[in-house]
Structure formats: structure tokens, C-alpha cells
Peer 1: 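Please read through the structure below; I'll follow up with questions.
Atoms within a ligand are numbered from 1 in the order they appear, just like the ligands themselves.
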Amino acid sequence: MPSKKPQAPQPSPVAGTDTPDKANTNAKLQSLEAFRSDASGQALRTNQGVRIADNQNSLKAGARGPSLLEDFIMREKITHFDHERIPERIVHARGCGAHGYFQSYGCHGELTKAGFLQDPEKITPVFVRFSTVQGPRGSGDTVRDVRGFAVKFYTDEGNFDLVGNNMPVFFIQDAIKFPDFVHAVKPEPHNEMPTGGSAHDTFWDFVSLVPESAHMVMWAMSDRAIPRSLRMMEGFGVHTFRLVNAEGVGSFVKFHWKPRQGVHSVLWDEAQKLAGKDTDYHRRDLWEAIETGHYPEWELGVQIVPEADEHKFDFDLLDPTKLIPEELVPVTPLGRMVLDRNPDNFFAEVEQIAFCPGHIVPGIDFSNDPLLQGRLFSYTDTQISRLGGPNFHEIPINRPVAPNHSSQRDAMHRMTLDKGRAAYEPNSIDGGWPQETPPAARDGGFKSYGERIDAHKIRQRSASFGDHFSQARLFFQSMSPTEQQHIIKAYSFELGKVEREAIRAREVNEILANIDLKLAAAVATNLGLPAPKAGTVKVKGSKPAQSKALSQMNHPGAIGISGRKVAILVTDGVEAGSVDKVVKALEAKRAHPVLLAPTLAPVKAADGTPLPVDASMEGMPSVMFDGVWVPAGKVSLEALEKSGVARHFLLEAYKHLKPIGVSSEGKLLLNKLGLKEDAGLLLGDGQKAFDGFFKALEGHRVWAREAVAEAIPA
Ligand code: HDD
């Protein structure tokens, strides 16, 4: 009996026709439809529409003679091919994306007049692109890195782009430093290494010289930088933004995305192995989740700070290296986002989507965060060389559902056939159209928030941006002991790759020692350096000193084991009934069982029936799973015991702290592997064993096993 894919849930409001307000969503779908090309049943033609008779042979002077220049069919084909590539993104080049929708929980009119946040019946289409930052387009998914989390809302008042990351702070405080930071983290210029990671001299040279990066580097060395899945990441708008209501009252806000799937990571050893065994691990996980109806879902929330409270914190709200602890300002939920449709064409949709933090709609506005201010310019600018000119808003994936008439004309790749004679405003020739719309409570023109500024023109960093270590300390001290150990190991691994001892020592003595002396001492020991006795600056510390929301352990998720992947190891002689039982139990919880055998050939169950399998154990190694189950069958268990591949599979899963369930007949197998039962290593065939296994899967990993598992070779 083969493992079955989980059933798809009910069609989403986007796909159905019975939701009250669908105009916006349908408009987006139709706008994409107009450009979708379906070649089924169609003749092969040139770009000029001529039917092609022979697509196998170029035009030659005789069967063995030279090719002829007049072969317009070959020339057109090869010319197009020669120009297929566009420049990849300078940062965030590696990514994947999906369509979905956003729905507000209610009317948030007291906070903002943005139309998509007024009505719980309104469905706003979205496209999300997730990415790594450092590596090129073809780099691995599971490298240690920040993840981009960019959302385009196609609202009926225009596009709103929330271009965030999976971490709530950033490396630098001022956009003028962005090229320096990126040049430092990117592969080194002389040999273009490393691909997709920050474990190298130029990165650590820069961050050890720039203490404002200390907080964000701490996040990057935490488990947040090696997510289990893109579905299991929080998202953050990072900067302080403004929401403005119909009365013109503004509030400062920080945007948060909270995943229903929980916040989970892989272990570092797993991340490194996955980078080779499945380079596309995250991309595949997102794709498969959507194809099998496990639509990922996030809650959008905001931390709201009334303008009057702007200066009530011990940090500056405009400083992007700081977060607002949720103990001080809780997150107010606004609505939810569901991703329920994979793209039809990666290039047309994922590669050509163009985000810009400056794409906002009435009811949303910027703060004076100097990092945000620089971003407002940079993104549109980069699209001009990446997408070949200023008309990138006409590419189907970037088109707003709102109309966009203006007096802009021409330029490279213009698609719109603008009618009329007056490409200027005001005009009388075309009846004065298109015209300005005065600002109004609803459907008005965009009006910038009228903040009063009375200042000198200077190049200066505000003194309120000066504390670089208090929140880095807050983060470290909010981690569980397990997470703290992972951070120590990450710093030790990365700095261990740095060739220059002076850089290693500077990071330990001038950065880590100011964050936490125990952290600094542990890393120093691993690097063979003397432990620093004191920091180099006086750190005032943050209030509160700990924040629960920062530890992933406090974000288990709300959907149990739905969408988790479990390997079921079988060989000839397995008890078909035992396999059937575990498959059904997993499917009942919407988990994804995968039958693995020594080869892809069906195995012969103990009762003689053939049992189709999904993959071989070598084809899908243990790092691709959340847990493992070994069903009953004396002969099958003996064969697994003798198989090096199966033994490695189980030992590796154990080392990576994964829940493992073994039929009670498998005690000998565990003994031979030298493994002892624990909270996540269960022997049994009944409901009790299933319940224990599911509970361990819900907890993601068996953290209590970590010290014991250290002894297992990697
Ligand atoms: Fe950026 C891409 C997020 C600072 C300049 N950035 C990019 C993407 C994300 C972010 C998610 C990928 C968008 C996509 O999927 O297409 N960037 C951030 C965050 C930042 C940040 C959360 C700080 C809080 N970025 C930042 C600064 C600058 C840029 C300060 C320049 C001054 N970012 C770019 C860029 C990119 C980009 C070079 C590359 C491709 C693109 O914009 O479209 O312009």
C-alpha cells in the first residue's frame, strides 16, 4: 500500500466564486490570465507568427555544407536564447515565491485608512518572495543567512510592498553603509568564495569594526538563520512605519508576521548536509506544501506606539538595530495571509517581481529611519538595470489591480498603448484627464504625513542610536540553554573559518565581551584565545532583561504535526498491517508519510503482497525528514539491522534529535545501534507509542537528547 498525499483542504476564497468581495482578487487573476500562454494544441511558430516545418535542422548549403545566414528561424531562436538571462538581484538573488491572499480580521479604521484593512470580507491578493541574502541565484537553500520575506499586496488602492526579513533588526543604521556591508558579506572579490555564507574574513572584519551590527549578528548566529522551512519563519517589517487614519492621526508601528506553523529550525549539521543532499530543500518544501493543500498561513500584526510615546523607550524607534520587546508593546493582530497557489512560471513571476519599500498606499507612511529612507530610493533604481528600464511596473506580476494612468510615456519595453494627445497635466486637449484626486477619508489621493521638521542639514548619527550592546544581550539572555549553546557553536564555527587571528580576537574582545562574558569566554575557548575579563564599554542593559517572544521554543505553532514529513523504513518481510496503521495515523493528523526502502522496487510484505514505495533510503536521506518510523516485521527488521544505509539513516536521525518510533519487535535493532529509549525514541505498536511519537514531533526535536547525541559520529 503506497503512502498517500494528504487531502487538499477546501478551495481558498481566491479560487472560489462565493466570497462577497472578490473584485480585487479576480482582477489580479484576470490580469495575469491575459498574459498566460498555453501552447497545448498549438503549432510551433516563430516570434512573427510563421509556422515552423523543421525545428531539428538548420538551413545548410547541402547536407554536409556550411549553414546559411538567411536561416531566420535559427537566428531568431539562438538570438533569443543568447539573451535569456537578466542580472540577478544584487542581494537576495536566491529565492522562491507563491501567490495567496490577505484578509483583515475586522475594521482597523481607528489605526489606518488603508482600504485592505477595513473590511473582513475583502480579499486582497498577495505574492510573497522568500530569499537568502548572500548567495547567488543557484546557491543552496539551507546556508546560515538572513531570509528575505517580501510581500506584495495588490490592494485596490495600489500596490503595498512589505519588504522585510525573518529577523526584526538589521546590521547597520544608515543606508549609506549598505554597499560596504554587502561588499563585506558577499563572496570575497579575489576568488568569489564562500558561496552562500558569512564564515569568512571580510564579513567578520566589517562586523567586528562596526559595533552597531552586534545585535543583528547575534540573530544571524542563532537558529533563526537556519530555518526548517520558509513556512516556519516569522517575518518582520524591521523599520518603524506609520499608520495614518482618516482623521490624519498617525501612530508608529512595527509589522510582524507570525506563522501558524510555528517557528522551527534545523540543526547546523543538518543544514550543511542538506546544502548538498537537497540544494532546493526550502523551495521544494514550500512548493510541495502548496501542491498538497498544506497552505501556509501567517498572522499579520503590529506593535502600535502612539506618537506621544515616541521617546518613552530606552532606544530610538528610528534605529533599525533595535526591536520593541513584546513585553513593552504587545503585537495587535490585524489579519491573516494564506499562500495557496504556486507560480506557473518561475522567471515570469518570481524572478521578475520587483519590490520596493516605497510602494505604499494611503493610510501607510514612513518614519525617518535613515536605513528605510535610503531603501526608498535603492529598490526602484536597481530594477532599472535588473529589469531593463523604468517600465517594470507593466510586467504582469508587478501590475497593480488599481488603474495606473499617468503622463509617463515611452522608454524601454513600453507595453501600454496610451491613447490621446496630451501627455502632460494640466491639459485641455484630452479633457484635462488624467486628473489629481484631492486627499479624502476614502478613495482620496495620497497625502504624505505632515510631520513638522525643524532642523539643520548635517551628516550626523543621533546620540540616541549609540547603545549597540543592550539588545544583543537581551537577545542572548532570552534564549533557552539549548539555543545559547547553538549560538556559541555558530560563532565558533564561523570565526574558526576566519584566517586572521586579529579579526577573531577583535570580535571576541570588543563585541562578544560587551554582550555577555560567558558567551565571549566559551567562544574564546573554542578559538584557542584567552577569555576576556571585561567588556570594552559600559553597557546599560535593556528593560526588560529577557523577552519570551525572542526564543523559538515559545513558538510551537497552532497546527500540530500537519505538514510534517515522516520516513517509514521498510524492506521485504515488513508487516503490511503495521505499515498501514502508521500511515493512517499520520494521515489522520495531516502529516506526510513517505515509504522508503533499499531500492525503488516494491517490497514484498510478510504476507506476500507487493508494497509500492516512494523512494530509496539513499535517494531521500534522513535530513529530509522530521521523524522516522520503523514498522513491525521480523525479517524486515533483521535486514535493516544489517544494512549500512538503514543504520546510518537511523543514527543520523537520532543525532539530529528527531523523533523515532520503532515497533516493539525492533528492540534488538536499537540495541545493535546502541540507542536507548527517550522522550522521542519510542518502542511500541499501539496508540501509546503513536501518541508519544506525535507529541515528540509537535515539539519538533528531542532537545533533552542533545548531550547524549553528541557522541554519535556525524
Ligand atoms: Fe534590501 C532586496 C530586505 C536593507 C537594497 N531587500 C531585498 C529583498 C528583501 C530585502 C527581502 C528581496 C526582495 C525580493 O524578493 O525581490 N533590505 C531588506 C531589509 C532591509 C534591507 C529587511 C533592512 C531593514 N536593502 C536594504 C538597504 C538597501 C537595500 C539599506 C540599500 C540602500 N535590497 C536592496 C536592493 C535589492 C534588495 C539592492 C536587491 C534586489 C532588489 O532590491 O529588488 O535594492
Peer 1: Which residue and atom name correspond to the protein heavy atom nearest atom 13 (C) of ligand 1, and how close is it?
Peer 2: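 Here the nearest protein heavy atom works out to F355 CD1, 3.9 Å.
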Peer 1: Would you please say whether a donor-acceptor pair under 3.5 Å links the side chains of R375 and H239?
Peer 2: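 There is such a pair between these side chains.
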Peer 1: Testing N166, V263, N165 for side chain to side chain contact (heavy atoms under 4.5 Å, CB included) with E234, which one passes?
Peer 2: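 When N166, V263, N165 are each tested with E234, the side chain to side chain contact (heavy atoms under 4.5 Å, CB included) holds only for V263.
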Peer 1: In the protein, what heavy atom is nearest to atom 16 (O) of ligand 1, and what distance, to one decimal place, separates them?
Peer 2: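 Closest protein heavy atom to atom 16 (O) of ligand 1: R89 NE, 2.7 Å.
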Peer 1: What residue and heavy atom of the protein are closest to atom 41 (C) of ligand 1, and at what distance?
Peer 2: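 The closest heavy atom on the protein side is T382 CG2, 3.5 Å.
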Peer 1: So which heavy atom in the protein is nearest atom 43 (O) of ligand 1, and how far is it from that ligand atom?
Peer 2: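 Looking at atom 43 (O) of ligand 1, the protein heavy atom closest to it is Q383 NE2, 2.8 Å.
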Peer 1: For ligand 1, is there an N or O atom under 3.5 Å from any N or O atom of R129?
Peer 2: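 Yes.
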Peer 1: Quick check: W257 with F236 (ring centres under 6.0 Å apart)?
Peer 2: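 Ring-ring flag for F236/W257: false, centres at least 6.0 Å apart.
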Peer 1: Students often mix this up, so state it plainly: with edges at 30° and 60°, are the rings of F171 and F203 parallel, tilted or perpendicular?
Peer 2: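 It falls in the perpendicular class, over 60°.
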Peer 1: Is R137 salt-bridged to E88, going by a charged N under 4.0 Å from an acidic O?
Peer 2: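 No, this pair does not count.
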Peer 1: Is a side-chain N or O of E299 found less than 3.5 angstrom from the main chain of P333, in a donor-acceptor match?
Peer 2: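 No, because the side chain of E299 does not come within donor-acceptor range (under 3.5 Å) of the backbone of P333.
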Peer 1: How about F116 and F153: are their ring centres within less than 6.0 Å of each other?
Peer 2: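 Yes, the ring centres sit under 6.0 Å apart.
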Peer 1: Are the aromatic rings of F255 and F241 close, with centres under 6.0 Å apart?
Peer 2: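 F255 vs F241: aromatic centres under 6.0 Å.
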Peer 1: Where is the nearest protein heavy atom to atom 11 (C) of ligand 1: which residue, which atom, and how far?
Peer 2: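 In this structure, atom 11 (C) of ligand 1 has G164 O, 3.2 Å as its nearest protein heavy atom.
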Peer 1: What is the ring orientation for F206 with F181, classed by angle as parallel under 30°, tilted 30 to 60°, or perpendicular over 60°?
Peer 2: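 Taking F181 first and then F206, their aromatic rings sit tilted (interplane angle of 30° to 60°).
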Peer 1: At a cut-off of 2.8 Å, list the protein N/O/S atoms near atom 1 (Fe) of ligand 1, residue plus atom name.
Peer 2: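 For atom 1 (Fe) of ligand 1, the protein N, O and S atoms that sit under 2.8 Å away are Y379 OH.
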Peer 1: I'd like to know if the side chain of R283 and the backbone of G95 have a donor-acceptor N/O pair within less than 3.5 Å.
Peer 2: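 Answer holds: yes.
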Peer 1: Check ligand 1 against L371 and write out every atom of the ligand that is under 4.0 Å from a heavy-atom position of the residue.
Peer 2: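 Per the distance check, 23 (C), 24 (C), 30 (C).
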Peer 1: Taking distance alone, with N or O pairs closer than 3.5 Å, would you say S131 contacts ligand 1?
Peer 2: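 S131 vs ligand 1: no N/O contact under 3.5 Å.
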Peer 1: Any N/O of N165 closer than 3.5 Å to an N/O of ligand 1?
Peer 2: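 No, no N or O pair falls under 3.5 Å.
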